Amino acid sequence: MNIKTELNRLNPAQREAVTTTEGPLLVLAGAGSGKTRVITMRVAYLIHLGALPESVMAVTFTNKAAREMKERVQSLLDGRTNQNQPVISTFHSLCLNILKREIEALGYRRNFTVYDTGEQISLLRHLLSDIRIFEKGFRPEDVLEKISRLKNDFKSPLKSEKDEFDAEALSETLFPRYQETMRSLNVVDFDDLLLLTLRLFREHPGALEKYRKRFRYLMVDEYQDTNKIQYEILRLLAGERKNICVVGDDDQSIYGWRGASLHNILDFERHFPGTRTVRLEQNYRSFGNILVAANSVIKNNAKRMEKCLRTDRGDGPKVCLFRAEDGEEEAQWIADRISRIKYERNLPYEEFAVIYRANTLSKPFEEAFRGSRIPYTVIGGTSYFDRKEIKDLASYLKVIANPLDGLSLLRASSAPKRGIGSKTTNRLAEFARERSISLLEAFKRAREADIGEKSAQPARSFALMIEKYRELFKKRGEMGKAFRALAEEIRFKDYISELYKSQEMALKRIENVENFIQSLHHFEERAFQETGAEKKPSLQGFLEELALDGNPGETDEKPFGVVLTTFHSAKGLEFPVVFIACLEEDILPHKKSALPGEGIEEERRLFYVGITRAMRELYLTSAQHRTKYGKKAPTTPSRFLDEIPDNIVRRIQNLEPEDPAQEEIKAKAFFAKMREMLGD
DNA sequence: GTTAGTTCTGTTTTT
DNA sequence: CAGAACTAAC
């Protein structure tokens, strides 16, 4: 690909964004405005102009986005940079890679590992039981959320022991303990990856200088989703040079509840004086009526930068509204509508999507689709990490990689059960604390602790086993083998199959186990290929990839059938036909988010994100009654529906005097599907 | 130390 | 209603 020709294909605003290379640049990129194209081309353009590839850094939010961007930059550069590559990664993995070199300056060891949410919760559960809370209602989930908020507000974990126990005070009390325990276990959480990097830059000017020199051009995608810590890191890295280009859309900021700060993008021009601002308002995705709907909804938000999406594709069909009797009817109506459109226009199922507020709402749609023989894929839901068999096995790998990680040791030591119970572990934990030794060490020396021989023995042999595998995993290229041997030795598959009642369930779990073991093999082979075997692939590396990039078996492949997804997971996707469902008060806006202005505005942005996923047809549905927690209750239509102007809307009644031909079409659609199923 | 009943609590989740 | 987490009895 030739950069010059590619450049000419851009619209003027896009071209300005790509060719403005020096100084702070804010690109306000509306939905569907070719944002990714701009950002990838800008990376290629910088290198084309002579910037060293390794001096260009582009951060994204998902691994998927990073991979895609890498590929596209690669093809734009046409393999012109053989040796050095621009750094294109997620914010978190960028920080992880920095910390891997520098973390010792902050009091951690080099072989630290990353805790996922489940492990954070588990740690907090231990801390909560230590502190002996008698009142109920202190859920570790809530404490974790508060601690995360404290971290994101730059609160230092100072000991501020308060006596009254409301959730807030409790979290403040637990925060320093949590942080200190994490450090002693030599583990970090996702927040720490960012926070420790910031601390490094603040406390060690030499380190900051090094990375400032290295990264001369900073680019950030989805800037509206960055938090305050990320802003601080960027500000420090940008330094005096201030070659920072951020791309984002304040109207699509939907992660405020996770600490994202809308102010980062709203105040960018103030944060970086002299900013050049470029607006990408030309939309290449949707027909006019859809954009009218989107613009009319979002203009009700007070906190935003003025923008207005345009298209030159014509109005397209009107936005359709449908209100069903109940959730089941709503789902069935959508299923019927999909069958009909598919029959009339022969669209593949992959071009339809159903978008709703919460994962728990997917069920009626799944049932209706199954009943109507419509293939579908539910995006999101239970993640790979929530699978017990994976967490169990991963906990073995974690202690092996990081022997200080006593929590993973605890988990591993009872999965499968091997006669080490809570009494023994409590004693050993205390023993470890008294002597200031690691829990693994305490397990090994269990005989010295105050426990009976028949409890000490299994603890001791467990510790010895871990040490044995620690050696085996160090052998180059033998990790896959070692892992398999470990799974055999602990009879992991037997343990799993006994855990599940149905044969089917058990088989599925065993398959997961098999894949997981295999994924370490793959990792090893891949690492050998990539590094030419000069650097040995490490277990730590595998665990990092697992923590930051999730399911090893998961692919970026296109989902099969109709896509069922939440607003959040729909971001960045597009579909010719979109159904936004369950548009009722208390669902959208959600009851718990609806509180003051801020909350409502984020809910509105969710709706905006949903609307702008549609290319051609948009259906907005709701139900008069909805079954929640087993009880059926009447509902009120979402207030956001009133914000869409009537002249672009078509209301559909269920028994719409669908011209009699309609029944016939339905029947035909049915037979067409039958034929298809019979396989022709 | 393990298991079977019982109670509780229901958003969103790129990392 | 359904899944998880906790408790009380083997």
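A note on names: the letters A, B, ... follow the listed sequences, proteins ahead of strands, and every chain is numbered from 1. The figures that follow rest on heavy atoms only: side chains count, while hydrogens, waters and symmetry mates do not. Bear in mind that the values here come from a model prediction, so they are computed numbers and not experimental data.
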Is the distance from OP1 or OP2 of B:dT11 to the nearest side-chain N or O of A:Asn359 less than 4.0 Å? no

Can you tell me if the side-chain N/O atoms of A:Thr424 get under 4.0 Å from OP1 or OP2 in B:dG1? yes

Are A:Trp257 and A:His568 near enough that their ring centres are under 6.0 Å apart? yes

Polar side-chain contact A:Arg258-B:dT12 base: donor and acceptor under 3.5 Å: no

For the residue pair A:Tyr255 and A:Glu222, confirm or rule out a side-chain donor-acceptor distance under 3.5 Å. no

Just call it for A:Ser569: base, sugar-phosphate, or nothing, with non-hydrogen atoms closer than 4.0 Å on any strand. sugar-phosphate

Between B:dT11 and A:His590, is there a base-stacking contact, meaning the centre of the base's six-membered ring lies under 5.5 Å from the residue's ring centre while the planes stay under 30° apart? yes

Neighbour count above 12 (heavy atom, 6.0 Å) for A:Glu430 CD: no

Is A:Thr566 close enough to B:dT13 that one of its side-chain N or O atoms is under 4.0 Å from OP1 or OP2 there? yes

Could you please name the option among B:dT15, B:dT14, B:dG10 that lies closest to any side-chain atom of A:Lys571? B:dT14

Can you see whether A:Asp405 engages A:Tyr115 through a side-chain donor-acceptor pair at a distance of less than 3.5 angstrom? yes

Is A:Trp257 stacked on the base of B:dT12, meaning ring centres closer than 5.5 Å and planes within 30 degrees of each other? yes

With a 4.0 Å cut-off on heavy atoms, is A:Thr627 in touch with a base, just the backbone sugar-phosphate, or nothing at all? nothing

